[in-house]
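Worksheet: the structure to be examined is printed underneath.
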Amino acid sequence: MSKARLSTIAEAAETLGVSTRTVRRYIAAGRFRAYRVGPRLIRVDLSELDYAMRPMGVLINAGA
């Protein structure tokens with residue numbers, strides 16, 4: 001099993017280019033798994049963010 005790469009909600013939001021509120025909504029909706037580290041600390045696995053940022057389609061080379 002690979003080691004989780006955990007980041008704060010603010011770091012996750014910056015990585016995705018969205019607000020922290022959006023990241024919290026994604027967590028609530030189950031799009032990302034989050035981990036409670038303490039009574040107030042929440043961390044997001046960066047591996048899941050990498051998966052969320054996968055390409056949507058295939059680029060077609062117009063010059064070919």
Side-chain angles (χ1 to χ4, degrees):
M1 183 174 197
S2 65
K3 186 175 180 180
R5 298 174 8 229
L6 301 178
S7 73
T8 65
I9 289 177
E11 291 169 339
E14 186 176 330
T15 299
L16 293 172
V18 298
S19 70
T20 56
R21 192 171 180 178
T22 299
V23 172
R24 290 179 184 276
R25 274 186 284 211
Y26 287 169
I27 292 167
R31 289 180 70 176
F32 300 135
R33 190 172 306 145
Y35 302 91
R36 188 171 296 281
V37 178
R40 296 179 52 136
L41 296 174
I42 298 173
R43 297 294 183 254
V44 178
D45 189 347
L46 290 176
S47 299
E48 292 194 24
L49 298 184
D50 293 341
Y51 179 74
M53 294 177 52
R54 68 192 185 280
M56 295 286 294
V58 178
L59 295 176
I60 299 173
N61 186 353

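Heavy-atom basis, side chains included; hydrogens, waters and symmetry copies ignored. Along the sequence shown, the residues carry numbers beginning at 1. As the structure is a computational prediction, the values presented were derived from the model and not from experiment.
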Which value, rounded to the nearest 0.5 Å, describes the distance between Arg31 atom CZ and Arg25 atom CZ?
11.0 Å
Gap between atom CG of Leu6 and atom CZ of Arg33 - 0.5 Å precision
11.5 Å
Heavy-atom pair with the smallest gap, counting every atom of [X] and [Y]:
{"X": "Ala12", "Y": "Ser7", "value": "N-OG, 3.9 Å"}
{"X": "Ala10", "Y": "Thr20", "value": "CA-CG2, 3.8 Å"}
{"X": "Arg43", "Y": "Thr8", "value": "NH1-CG2, 3.5 Å"}

Any side-chain heavy-atom pair of Leu41 and Arg36 under 4.5 Å:
no
Under 3.5 Å: donor-acceptor pair, side chain of Arg24, backbone of Ile27
no
Hydrophobic cluster membership, with links at side-chain heavy-atom distances under 4.5 Å among I/L/V/M/F/W/Y: are Ile9 and Tyr35 in one?
no
